[in-house]
Amino acid sequence: MTIQTKPLNPHFGVEVTGIALSDVTAENLFPQIRALFEEHSALLFRAQDVSDEKHLELAQLFGPIEDRQADERKPGEKFEIPKVSNVQEDGTTSGEMDLKTLNLKSNFLWHSDSTFLPVPSLVNILIGRVVTTEGGATELASTRAAWAMMPEDLKEKVRGRGIWHRYSHSRRKISPELAKLPMFNKWPDQHWNAIWENPVNGREALYLASHAFRIDGYDEAESEALLADLTAFCTQPAFVYSHRWSVGDVLLWDQRAVMHRGTPWPYEQPRTLSSICSSVTEADGIDRIRIPA
Ligand SMILES: [Fe+2]
């Protein structure tokens, strides 16, 4: 089979056909996938048969597996693949105001994952496991395409500046109670350059997230207003791809150049996506966003 691609959006993202992800290894097909990832920022593979083990293997090809619970796990407990889900341990779905649902709702704010971690993530590989009959889309916005087309006066306001990120900041927007949970307060504030230059092709992207709370040189209110303006510009329909899930879909994107969000669904319907993030390494150009303390 030959690999073929079809655009998801005129500016970024492709659906890839002619690849069974179960066949992918470091030598076989991954180099082509990685090249498409650098070029297009988001890749969709439909109707894939990817086990949890294979999911982990694919993520490891991109970089070290991100493990936010490493410090909470007792000896002998294994890494479990994170689930974006409203299904509770007893199989019922969580209620509208449960903390689990509120946390899902924080994912409805545009963000890049893990900008609040000391080592942020390169990619999120999402797999549709249980899907809904309506709603529950995952939407992607290219901050690379948006930055390239942004008016110069808006670019000027953020170029060359650092942006501060904090996990609990995005949770506080949904619920102050949620923001207080220890899991959202484990890491110190992170300070990253506003622009992430791709080390392979030199293309720049705005590195933005709902976790961002301050831009250097602006006070809190000014920062909030500017972050809102930048996010609004980047998430205009022209720069967005909205994915409606089917079981077996695999959607992955470059966190350096894409923001994403979930959309609501009727919460009595179970919905589960498996999600593994891989961390960036020096080869992915983390030096481009690092700011000396
Ligand atoms: Fe996310």
Side-chain angles (χ1 to χ4, degrees), residues 8 12-13 37 41-44 55 58-59 62-63 65-69 80-87 94 99-132 135-144 163 165-175 178-179 181 183-184 186-187 190 192 196 205-213 227 231 234-235 239-245 249-265 271-280:
L8 297 176
F12 80 108
F37 171 81
S41 304
L43 308 180
L44 170 65
H55 192 180
L58 289 168
F62 280 93
I65 301 295
E66 181 179 290
D67 183 2
R68 294 189 198 165
Q69 263 84 50
E80 273 183 42
I81 294 178
K83 299 280 195 297
V84 185
S85 177
N86 62 334
V87 182
S94 59
L99 288 178
K100 192 178 175 77
T101 310
L102 291 174
N103 190 37
L104 284 170
K105 289 184 179 178
S106 331
N107 290 326
F108 301 163
L109 305 171
W110 286 106
H111 64 289
S112 179
D113 294 313
S114 316
T115 62
F116 49 81
L117 290 184
V119 181
S121 83
L122 168 69
V123 64
N124 188 339
I125 304 177
L126 274 185
I127 302 183
R129 298 299 190 193
V130 179
V131 305
T132 56
T138 296
E139 301 193 320
L140 309 180
S142 173
T143 59
R144 178 193 281 180
I163 301 183
H165 299 257
R166 179 188 295 162
Y167 200 2
S168 61
H169 183 71
S170 54
R171 273 52 200 165
R172 188 160 288 112
K173 293 175 185 174
I174 301 296
S175 151
L178 185 69
L181 294 180
M183 65 183 287
F184 302 121
K186 290 202 287 195
W187 298 282
Q190 303 297 325
W192 305 115
W196 199 329
L206 203 51
Y207 190 51
L208 210 56
S210 54
H211 320 300
F213 64 93
L227 288 163
T231 302
C234 292
T235 58
F239 305 125
V240 170
Y241 166 68
S242 182
H243 185 65
R244 239 198 94 77
W245 287 96
D249 287 350
V250 178
L251 181 66
L252 63 89
W253 63 86
D254 185 343
Q255 310 259 29
R256 301 169 298 179
V258 171
M259 283 201 287
H260 62 282
R261 69 173 179 182
T263 70
W265 70 90
R271 191 258 208 172
T272 301
L273 307 176
S274 295
S275 161
I276 306 181
C277 289
S278 314
S279 299
V280 292

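Counting starts at 1 for both ligands and their atoms, following the listed order. The structure presented is a predicted model; accordingly, all values stated were derived computationally and were not measured. In what follows, residues are counted from 1 in the order of the sequence shown.
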* For Phe12, what residues pass the ring-ring contact (aromatic ring centres under 6.0 Å, His included) criterion, not counting sequence neighbours? -> none
* Leu109 side chain near Ile174 side chain, heavy-atom distance below 4.5 Å -> yes
* Decide yes or no for Glu66 and Pro82: does some side-chain heavy atom of the first lie under 4.5 Å from some side-chain heavy atom of the second? => no
* To do: State, yes or no, whether a side-chain contact exists between Trp196 and Gln255 at a heavy-atom distance under 4.5 Å.
  => no
* To do: Mind checking how many protein N/O/S atoms fall short of 2.8 Å from the Fe ion (ligand 1)?
  => 3
* Asked: Rounded to the nearest 0.5 Å, how far apart are CH2 of Trp253 and CG of Leu126?
  -> 4.0 Å
* To do: Assign the ring pair His111 / His211 to parallel, tilted or perpendicular, where the plane angle (0 to 90°) is split at 30° and 60°.
  => perpendicular
